[in-house]
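Every chain is numbered from 1, with letters handed out A, B, ... down the list of sequences.
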2 protein chains.
Amino acid sequence: MSMQKAPGPVAVEEPNRRTEIVRAAGRLFHAKGYSATTIRDIAGAVAMRSGSPFYHFKTKHDMLRAVVLEGMGAINAAVALAANSGKSPRATFEAMLRAHLGQLLGAEGRDFAATLLHESRHLDHEAQAEVVALKDDFEAMWQKALRDLKRAGLIADDSHLARLFLLGALNWTVQWYRPDGSKSIAQIARQLANFVIGKPRRP
Amino acid sequence: MSMQKAPGPVAVEEPNRRTEIVRAAGRLFHAKGYSATTIRDIAGAVAMRSGSPFYHFKTKHDMLRAVVLEGMGAINAAVALAANSGKSPRATFEAMLRAHLGQLLGAEGRDFAATLLHESRHLDHEAQAEVVALKDDFEAMWQKALRDLKRAGLIADDSHLARLFLLGALNWTVQWYRPDGSKSIAQIARQLANFVIGKPRRP
DNA sequence: TGCTACCAAGCAAGCGCTTGCTTGACAAGG
DNA sequence: CCTTGTCAAGCAAGCGCTTGCTTGGTAGCA
């Protein structure tokens, strides 16, 4: 029957049909929401008949799980890379903002990340626990970034609430950002850094 | 046949069954999402049979419209009241934060406000335009609040982007706030004010 | 020959919504 | 006081359609 090979958190690039399905599902879940997206929508988007995706996935929920884990893995990796770039606290922070926004708004990963943010609640408890575990690591990274900024005297508040405010400002960009708008992702990242820290010091 | 009296943006308190349906619909739309909520869910929540809600509403979309307009009207009114309280810029700002968070997180209106934030995209174009018109007024209020803060020398940036960051931090609270948590709405409002402005000046 | 990846067809359940009818409250007419 | 008519507010039943998913078969490659 079906192979159903469970992918690791960051799926290795296998150029098979399964990956296409995940990508199409992500696009549709992002555009219409999980419940309003039908199997027939997804199948049609990859030129299959409505029964065929079930060769690759046991259930529709499983497709959502794949999309969400892909999104979580990608944003986690991108921000972690920026966090360990060894620059100054301020530059590191801004690089993390750029990485986060790049996954959320950039063409490659935005459907996965946006689905992660808005549709995770439709997962069953088991899959939701998987996501929460990864999210905890993710939030710890941001908490550490704020701690470093405070140690450097750049911000006054590195509490949990401050992290939630920051992630709110970040994640809410999904609601208003338009790729053809007047601000680039890098510009938004810089201005958010200024918003949180204040203008860079003049010597 | 049916009355279908279109309510004003802020519905006058008519203690009829229609109001109960809107309230139940709001609760369910918030909890499960619009598409995942069935007419039978809503009818069951007010002890009706599945066909009876259609005496009060033409379509399921119309129920969503009622919920969303109720939410928009309520948050608009609450924040406008705080904005015109005639206090100092900083106190006015914090009062607006409290009002916004009160609607978003407080027991009375959270289902309406949360549905407004997350399910508006399921409205048809016509109803969506109604919401956007009200939202423009709402955002103008916040923009003015930031302008006043900048005039008073309390913040450095009152740009559109700054407003979007602020509203992001505010609206994202829906994702993490728990009524039984350790922080009250007023405490969150105060800390967000500090986050944006900096600590209140010591004389 | 066997395995992978799909299609054609369709099933059971559930969906939004409609229809014809009932019920209790109330006002007017005799 | 009793009948009659009207109305709001529902109920019971079900229609046509869509949903997620299954099943049996098979073309193409190794």
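For F54(A) and dC6(C), the CZ to C1' distance is 14 Å, given to the nearest whole Å. At whole-Å resolution of the value, CZ in R18(A) and P in dT4(C) are 15 Å apart. In this structure, Y55(A) places its OH atom 8 Å from C1' of dC3(C), rounding to the nearest Å. Atom pair K60(B):NZ and dC15(C):C1' shows a separation of 9 Å (rounding to whole Å applied). Rounded to a whole Å, the CZ atom of R17(B) is 13 Å from the C1' atom of dA8(D).
Side-chain atoms of Q191(A) and S159(B) form a donor-acceptor pair, as typed in the model, at a separation below 3.5 Å. With hydrogens and angles left out, the side-chain atoms of N16(A) and H56(A) include no donor and acceptor closer than 3.5 Å.
Counting any heavy atom pair closer than 4.0 Å across all strands shown, S50(A) reaches a base atom.
At least one side-chain nitrogen or oxygen of H56(B) sits closer than 4.0 Å to the OP1 or OP2 atom of dG10(D).
Checking each of K60(B), K32(B), R27(B) against D41(B) for a salt bridge (charged side-chain N to carboxylate O under 4.0 Å, His left out) leaves exactly one that passes, namely K32(B).
Taking the six-membered ring for Trp and the full ring otherwise, H122(B) and F29(B) have centroids separated by 6.0 Å or more. Ring centers of H160(B) and F165(B): at least 6.0 Å apart, outside the cut-off. The distance between the ring centers of Y34(A) and H61(A) falls below 6.0 angstrom.
Near-neighbour residues of DNA chain D inside residues 30-49 of chain A, defined by a heavy atom below 4.0 Å, number-ordered: T37(A), T38(A), I39(A), R40(A).
The terminal axes of the helix from dT1(C)-dA30(D) to dG30(C)-dC1(D), fitted over 5 pairs per end, subtend an angle of 10° to the nearest 10°.
Here F112(A) pairs with nothing under the ring pair (Phe, Tyr, Trp, His ring centres under 6.0 Å) rule; sequence neighbours left out.
Scanning all heavy atoms of the two residues, the minimum distance from M96(A) to M141(A) falls at CE-O, 3.9 Å.
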